[in-house]
There are 2 protein chains.
Amino acid sequence: MVADASYATSLMIQKLESIFSLSSEEKQALQDLPVQVEVLKPEQDIVRIGDQPSQCCVVLEGFTCVYKLTSDGKRQILALHVPGDMPDLQSLHLQVLDISIASISSCKVGFIQHDCLRRICERHPRLTAAFWRETLVDASIYRDWILNIGQRDAYSRVAHFLCELLMRLQAVRAVKGKAFHLPITQAQLADAIGITSVHMNRVFQALRSDGLIDATRGKVAILDWERLREEGDFDPLYLHLRKPRSA
Amino acid sequence: MVADASYATSLMIQKLESIFSLSSEEKQALQDLPVQVEVLKPEQDIVRIGDQPSQCCVVLEGFTCVYKLTSDGKRQILALHVPGDMPDLQSLHLQVLDISIASISSCKVGFIQHDCLRRICERHPRLTAAFWRETLVDASIYRDWILNIGQRDAYSRVAHFLCELLMRLQAVRAVKGKAFHLPITQAQLADAIGITSVHMNRVFQALRSDGLIDATRGKVAILDWERLREEGDFDPLYLHLRKPRSA
DNA sequence: CGACGCCTTGAAGGCGCTCAATCAACGTGG
DNA sequence: CCACGTTGATTGAGCGCCTTCAAGGCGTCG
């Protein structure tokens with residue numbers, strides 16, 4: 001897969017179009033956005049807390065994560081972003097970053113200047129709404145993570161997490177059958193779930209021996225979707241995915 | 001304090017003005033917003049998950065909370081909202097609610113029709129940005145709660161929570177000295193922190209006996225701000241409060 | 001005064017953490 | 001080709017934070 005600037009804008013268009021149809025002017029405006037593509041190694045910072053960026057990023061390939069550290073150095077991953085996501089769209093209106101963003105595995109990201117995005121929003125109010133909506137869906141996912149981490153035990157949390165990931169990756173057609181590529185270490189997963197890597201490992205083994213998943217070498221296969229959903233207490237409402245068009 | 005419709009709009013204006021100055025047209029447009037005021041008893045739902053509201057609410061007096069339940073009935077409070085906040089601004093662009101909102105104690109809230117907000121946004125792009133920004137700050141607070149719940153122990157979590165609350169209430173001038181009114185039960189607090197009410201009680205006692213706070217009967221006084229900040233590992237960056245003007 | 005809500009306290013147990021060692025897979029350089 | 005270092009997955013033992021389950025205290029209000 002070649003991830004160049006035009007691929008970046010087409011990813012964005014595809015995502016926005018899953019919500020409402022874009023006019024040809026709107027599409028053209030998006031296609032004309034200048035995007036600078038960069039390749040990243042694993043665990044590499046893209047932006048850092050305290051920065052005052054003048055651009056937003058779009059994930060093109062691989063995964064990125066939003067994270068924060070406690071003063072004693074413990075890391076919490078606050079969000080995982082998949083191709084098509086814009087992890088720091090917020091920086092358009094919040095001057096100083098309250099988070100850091102890093103690559104999980106090797107990945108490609110595109111950068112778009114704030115100026116360009118602001119100009120496009122001025123001229124196309126519906127795109128403003130669409131971008132705003134993107135940040136609202138992000139917030140909704142943050143909320144669900146609070147519930148997940150705050151109220152469920154580790155087994156359930158991981159199940160829930162995997163359910164979410166499957167659905168989000170399905171939305172960008174990155175799932176074959178019920179399996180997807182997940183180049184992420186157990187330690188990284190643990191940071192996202194809010195447990196230690198040791199315990200993450202034991203939970204994974206439990207999920208495997210219960211026949212819910214098969215996970216090896218950067219790949220995850222959901223073997224029993226129904227039970228995983230149940231164990232994870234998962235309801236996709238909060239993802240605000242467009243229902244498959246019935247009309 | 002009388003909380004009528006004009007009080008509601010003046011609260012909103014005050015909050016937006018803490019970020020950037022509003023023109024007189026913008027202020028007038030906000031003042032002209034029709035607001036319907038309602039009085040609520042404690043623990044009363046305002047909107048419920050799955051709803052498709054046609055209006056947003058503004059907190060006028062007291063506290064409201066955003067919450068979600070697990071399937072086995074455990075409640076996680078995802079956010080606390082203070083006067084001036086708009087807990088469900090998101091519903092402007094996300095049709096179906098992924099959360100429930102309820103009063104914590106007795107409180108007053110105002111309701112504003114989506115139509116009115118949309119119209120005002122069309123005519124005043126800077127207000128669009130301001131409202132968008134509000135939702136982004138909410139998201140930032142959600143993120144910090146994930147870190148708090150995911151990585152810190154109960155003692156530290158509660159300290160952090162109290163620090164946040166103090167700063168947010170100071171921003172709306174609801175703090176005298178270092179004390180504020182907090183009509184909330186330990187069980188409700190526990191739901192916000194992600195621990196049980198039993199343990200919440202013990203943590204409170206520890207904070208008291210350590211001389212950090214004094215909490216009785218719906219009131220909290222911060223006795224040692226410096227140490228509370230330290231124990232809570234608190235950095236207000238994520239609140240995106242406007243710095244006190246130095247110019 | 002009794003009922004109710006909330007705070008408080010005790011005891012026991014479990015989930016997840018810490019610390020540490022081992023194993024497996026892989027890339028590198030000699 | 002193999003020794004070696006590195007990185008990530010795995011396993012074990014012990015412990016501690018927090019939960020669960022109860023019961024009791026205390027203030028408020030009908």
Side-chain angles (χ1 to χ4, degrees), chain A residues 41-44 63 65 70 72-77 103-106 148-161 181-210 213-220 231, chain B residues 41-44 63 70 72-77 102-106 148-161 181-210 213-220 231:
Chain A
K41 291 194 282 275
E43 291 276 7
Q44 199 179 338
F63 294 85
C65 71
T70 62
D72 52 345
K74 289 196 278 189
R75 176 172 76 162
Q76 175 69 43
I77 290 181
S103 55
I104 288 282
S105 55
S106 314
N148 202 33
I149 294 176
Q151 297 297 335
R152 293 196 258 263
D153 65 18
Y155 187 87
S156 198
R157 263 187 246 180
V158 176
H160 186 98
F161 175 86
H181 206 59
L182 185 64
I184 182 173
T185 67
Q186 291 186 2
Q188 291 169 328
L189 264 180
D191 283 347
I193 302 292
I195 60 179
T196 58
S197 62
V198 171
H199 198 56
M200 182 72 226
N201 182 270
R202 298 197 226 266
V203 170
F204 246 73
Q205 287 176 52
L207 285 167
R208 275 194 285 247
S209 73
D210 289 350
I213 64 166
D214 182 31
T216 44
R217 183 97 36 124
K219 278 200 144 189
V220 173
E231 293 292 345
Chain B
K41 291 194 282 274
E43 290 278 5
Q44 200 179 337
F63 294 84
T70 62
D72 52 345
K74 290 196 277 188
R75 176 172 75 161
Q76 175 69 43
I77 291 181
S103 56
I104 288 282
S105 55
S106 315
N148 202 33
I149 293 176
Q151 296 297 336
R152 292 196 259 262
D153 65 17
Y155 186 87
S156 198
R157 263 187 248 180
V158 176
H160 186 98
F161 175 87
H181 205 59
L182 185 64
I184 182 173
T185 68
Q186 291 185 1
Q188 290 169 327
L189 265 179
D191 283 347
I193 302 293
I195 59 179
T196 59
S197 62
V198 171
H199 198 56
M200 183 72 225
N201 182 269
R202 299 195 227 264
V203 170
F204 246 72
Q205 288 176 50
L207 285 167
R208 274 194 285 248
S209 75
D210 289 348
I213 64 166
D214 182 30
T216 44
R217 186 98 33 125
K219 278 199 146 189
V220 173
E231 293 292 345

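Side chains included, hydrogens not; waters and symmetry mates left out as well; all remaining heavy atoms used. Per chain, numbering begins at 1; letters A, B, ... match sequence-line order. Note that the coordinates shown come from a computational prediction; the quantities given were computed from them, not determined experimentally.
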Fill in: Interatomic distance, N201(B) CG vs dC6(C) C1' [rounded to whole Å]
10 Å
Worksheet entry | D72(B) CG to dT19(D) C1', straight-line distance once rounded to whole Å | 14 Å
Worksheet item: Closest to the A154(A) side chain: dC7(C), dG16(C), dC18(D)?
Response: dG16(C)
Worksheet entry | Heavy-atom side-chain contact between K74(A) and R152(B) under 4.5 Å | no
Worksheet item: Think R208(B) has a side-chain N or O under 4.0 angstrom from the OP1 or OP2 of dT8(C)?
Response: yes
Worksheet item: What does D153(A) touch in the nucleic acid at a heavy-atom separation under 4.0 angstrom: a base, only the sugar-phosphate, or nothing?
Response: sugar-phosphate
Fill in: Atom pair distance, as rounded to whole Å: CZ in R202(A) and P in dG16(C)
12 Å
Worksheet item: Yes or no on side chain to side chain contact (heavy atoms under 4.5 Å, CB included) for I193(B) and V203(B), after CA distance, side-chain angles and deciding distance?
Response: CA-CA 11 Å; I193(B) 302 293; V203(B) 170; over 6 Å; no
Worksheet item: Tell me: CD1 of I213(A) to P of dA9(D), nearest whole Å?
Response: 12 Å
Practice prompt. Would you tell me if any nitrogen or oxygen in the side chain of T196(B) comes within less than 4.0 Å of OP1 or OP2 on dC18(D)?
Written response: no
Discussion item. Just the rounded figure in Å: distance from C1' of dT7(D) to CD1 of I184(A).
Written reply: 16 Å
Practice prompt. Could you tell me whether the side chain of I195(A) reaches within less than 4.5 Å of the side chain of R157(A), counting heavy atoms only?
Written response: yes
Discussion item. Let's see if you can work this out: which of dT8(C), dA9(D), dC18(D) has an atom nearest to the side-chain heavy atoms of Q186(B)?
Written reply: dT8(C)
Item to complete: Respond yes when some side-chain nitrogen or oxygen of Q205(B) is under 4.0 Å from OP1 or OP2 of dC7(C), and no when none is.
Response: no
Worksheet item: Roughly how many Å is it from NZ in K219(B) to C1' in dC7(C), rounded to a whole number?
Response: 20 Å
Practice prompt. Write down the distance between CD (Q151(B)) and P (dG16(C)), rounded to a whole number of angstrom.
Written response: 14 Å
Practice prompt. For residues L182(A) and K219(A), determine if any side-chain heavy atom of one lies less than 4.5 Å from a side-chain heavy atom of the other.
Written response: no
Worksheet item: Quick one: does I149(B)'s side chain get under 4.5 Å of Q76(B)'s, heavy atoms only?
Response: yes
Worksheet item: Quick one: which of dA9(D), dC19(C), dC17(C) gets closest to the side chain of V198(A)?
Response: dC19(C)
Item to complete: Using whole Å, report how far NE2 of H199(A) lies from P of dA13(D).
Response: 17 Å
